[in-house]
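Before any comments, here is the structure.
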There are 2 protein chains.
Amino acid sequence: MKKVTIKDVAKEAEVSPSTVSRVISDSPNISKSTKEKVRFIMDEMGYYPNAIARSLVKQKTRSIGLVMSRPTDRALANPFFSGVIQGIAAVAQEKNYSLLLTAADNYEDEYQEALKQLKVGRVDGLVLLASRINDDLIKQLLKNNFPFVLIGRSQEFPSIPRVDNDNYKAAFDLIEKLIKSGYKDFSVLAGHKDYVFTGDRLKGVIDALKAHSMNLDPVKIEFTDFTFKSAEQSAYKILSNHKTDALIAFDDLLGMAAVQTAEALGFSVPDQLGIVGFNDHTLVSYLKPSLTTVKIPIVDMGERAISMLIKMLEDSSYTGEEEIISTEIIERESLKFI
Amino acid sequence: MKKVTIKDVAKEAEVSPSTVSRVISDSPNISKSTKEKVRFIMDEMGYYPNAIARSLVKQKTRSIGLVMSRPTDRALANPFFSGVIQGIAAVAQEKNYSLLLTAADNYEDEYQEALKQLKVGRVDGLVLLASRINDDLIKQLLKNNFPFVLIGRSQEFPSIPRVDNDNYKAAFDLIEKLIKSGYKDFSVLAGHKDYVFTGDRLKGVIDALKAHSMNLDPVKIEFTDFTFKSAEQSAYKILSNHKTDALIAFDDLLGMAAVQTAEALGFSVPDQLGIVGFNDHTLVSYLKPSLTTVKIPIVDMGERAISMLIKMLEDSSYTGEEEIISTEIIERESLKFI
DNA sequence: TTGTAAGCGTTATCAC
DNA sequence: GTGATAACGCTTACAA
């Protein structure tokens with residue numbers, strides 16, 4: 001079954017290929033009758049315009065690369081990424097763009113891979129998720145003038161097209177609310193040091209405490225990988241060695257691990273120890289105890305990021321902007337306010 | 001910064017475009033000296049061969065579409081998909097293929113979308129995950145002679161290229177082992193009816209019981225969506241109305257919901273009630289109690305599926321085969337044997 | 001309103 | 001060993 005091309009259709013319809021092309025793009029200056037005839041033939045022959053040929057002449061692929069900035073396995077295991085992708089995929093489909101998943105074992109390879117997709121012209125732009133502190137990729141993209149949108153924040157390049165929530169403020173506000181509720185001894189189960197949001201949230205916590213003449217004992221901060229095991233160990237370190245009545249975990253999965261560790265150590269949550277997470281993954285509202293958390297609208301962030309990128313791609317006068325999405329504290333069982 | 005093409009390189013290196021092309025493909029009949037010269041120029045000019053142009057002439061895109069057969073949001077939230085994708089992505093990268101994610105709100109749209117990617121020539125083949133019972137997509141693919149590999153099983157089309165585990169056998173063996181361990185009253189928290197594996201596992205359960213002159217009371221089977229809420233409700237229905245000492249959940253997430261529901265109802269797990277899941281998601285080994293489960297090597301399945309597809313794509317004499325991967329029972333805390 | 005022809009950036013076939 | 005040239009399937013001036 002050979003592919004039918006525009007020429008085949010043209011011959012069959014007894015018109016020129018250009019006419020067929022114009023029918024495809026629904027050009028206004030084609031007579032109704034030829035349009036109908038050509039469309040009928042296209043249908044009959046099962047013709048589909050070749051996307052590759054089209055891309056070649058248009059110099060646009062209508063596809064967008066997705067970079068996770070983290071080994072894909074781990075990345076995908078985290079609901080954060082599922083949420084973002086969900087948002088991205090929805091808009092991509094609606095606007096008729098394809099999504100190219102770039103994946104690699106390690107961060108370095110992955111971003112080289114993503115860059116390559118751009119250089120070989122396979123994608124028109126990139127959406128970057130959860131950037132690390134060391135953002136060479138952004139540097140490269142900027143240098144080559146490649147369109148991209150970052151979900152998160154770059155330390156080196158503060159004003160680039162991006163969508164993010166204000167992690168600093170979210171953490172700051174959370175702590176204020178906790179202090180008002182009477183909590184005194186804070187501890188933090190932070191994410192990986194390499195991520196920008198880790199630093200931002202930490203700063204928010206520290207500054208909020210300072211604003212109330214309190215401080216965060218450095219021994220009560222533990223950085224951890226995004227694995228359950230690592231999180232458990234870190235939670236154990238904090239809980240078995242230090243007095244604390246409120247543990248702030250920078251991700252729900254970490255919070256979940258903390259709850260388990262706390263209960264295993266004999267703490268009753270939330271009575272003796274309040275635990276709060278970040279993100280509001282669907283799962284955590286069903287746990288026992290359900291997790292109090294700072295909700296980050298990740299699906300929404302994905303939608304906005306790709307919408308921005310598409311706008312940049314289609315409107316050359318638009319160069320992107322910074323969108324900051326607000327967060328919300330969801331009170332559940334693992335930590336009670338007031 | 002305009003893209004540099006093969007012609008630019010040719011001009012600069014004072015050779016013809018064909019020579020440059022031959023250097024790119026490392027053709028044996030090009031002198032070492034020209035190769036070096038051309039390579040140097042390519043480097044210097046920052047030349048990257050255009051993938052689109054290449055695809056057009058080669059009539060191959062070196063990209064593969066991924067179909068989830070399920071709203072992407074939900075799909076991605078399930079670790080099953082993350083695992084499969086992890087395997088697929090690893091091999092794709094290694095073999096230099098790109099992955100195109102097809103997504104849509106509903107199943108029907110999604111498979112139309114996937115088919116379209118093939119028809120417009122944007123991908124060379126498809127990997128299908130978790131097929132439904134109603135598999136029109138497969139029918140279409142077969143009819144159009146499009147290359148694809150299914151992860152799972154099709155009821156209508158038993159012998160197509162696919163990789164799967166033997167769900168029937170896995171369930172059968174599990175029940176046998178449970179019976180040997182003294183369990184008597186079985187109940188099943190099954191997945192969605194539309195999925196082939198649900199039926200297969202159920203049949204395995206029923207047949208194993210029959211083989212021991214036992215039977216499964218239909219009221220002790222509950223079908224449920226893959227959401228925590230739905231699973232909890234179904235588990236509640238079973239546990240609050242019927243006597244059971246072993247609950248088999250057809251997915252770890254469902255098992256996890258069952259454990260919580262059981263404990264909320266006052267059952268002690270595993271003493272009064274054993275609960276076993278399927279898949280062995282990373283998370284569930286860390287729960288309290290940790291989940292006994294039937295491990296399905298999903299990463300491996302992803303790897304094999306895409307490897308098979310690539311082989312089909314590159315070797316026209318190979319038309320795929322059926323690979324059945326074996327499973328393994330992992331004993332943890334939620335259900336004890338003997 | 002439609003056709004002709006050039007061109008998008010490659011590779012492949014033939015020459016030399 | 002290397003260079004012309006055609007072709008891949010489409011779009012788009014420019015003509016008519």
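Quick caveat: nothing in here was measured; it's all calculated off a predicted structure. Numbered from 1 within each chain, the chains take letters A, B, ... in sequence-line order. All values below were derived from every heavy atom in this structure, side-chain atoms included, with hydrogens, water molecules and symmetry-related copies excluded.
- Salt bridge annotation for A:Lys143-A:Asp136: absent, with no cationic side-chain nitrogen under 4.0 angstrom from a carboxylate oxygen.
- For A:Asp8 and D:dC8, the CG to P distance is 10 Å, given to the nearest whole Å.
- A:Asn144 places no side-chain N or O within donor-acceptor distance of the main-chain N or O of A:Leu141, the cut-off being under 3.5 Å.
- Taking CD of A:Gln140 as the reference point, atom CD of A:Gln112 lies at 7.0 Å (rounded to 0.5 Å).
- The distance from the CZ atom of A:Arg162 to the CD1 atom of A:Ile138 is 10.0 Å, given to the nearest 0.5 Å.
- Between A:Asp43 and A:Arg39, no side-chain nitrogen of the basic residue sits less than 4.0 Å from a carboxylate oxygen of the acidic one, so the salt-bridge criterion is not met.
- Interface residues of residues 10-45 of chain A facing DNA chain D, ordered by number: A:Ser18, A:Ser21, A:Arg22; criterion, heavy-atom separation under 4.0 Å.
- B:Tyr48 has its OH atom 18 Å from the P atom of C:dG9, to the nearest Å.
- Distance A:Lys7 NZ to C:dT4 C1': 13 Å, rounded to the nearest Å.
- D:dC8 atom P lies 14 Å from atom CD1 of A:Ile6, rounded to whole Å.
- In this structure, the side chain of A:Arg62 engages the main chain of A:Asn96 through a donor-acceptor pair within 3.5 Å.
- Between the C1' atom of C:dT10 and the CZ atom of A:Arg122 lies a distance of 13 Å, rounded to the nearest Å.
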### Message
Please determine whether side-chain contact (heavy atoms from CB on, under 4.5 Å) holds for the pair B:Val67 and B:Glu113, giving the CA-CA distance in whole Å, both sets of side-chain angles, and the decisive distance to 0.1 Å.
### Response
CA-CA 9 Å; B:Val67 187; B:Glu113 195 61 33; over 6 Å; no
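- The pair A:Asp26-A:Lys35 counts as a salt bridge, with a side-chain nitrogen and a carboxylate oxygen less than 4.0 angstrom apart.
- If you check residues 54-63 of chain A against DNA chain C, the residues with a heavy atom closer than 4.0 Å are A:Leu56, A:Val57, A:Gln59, listed by number.
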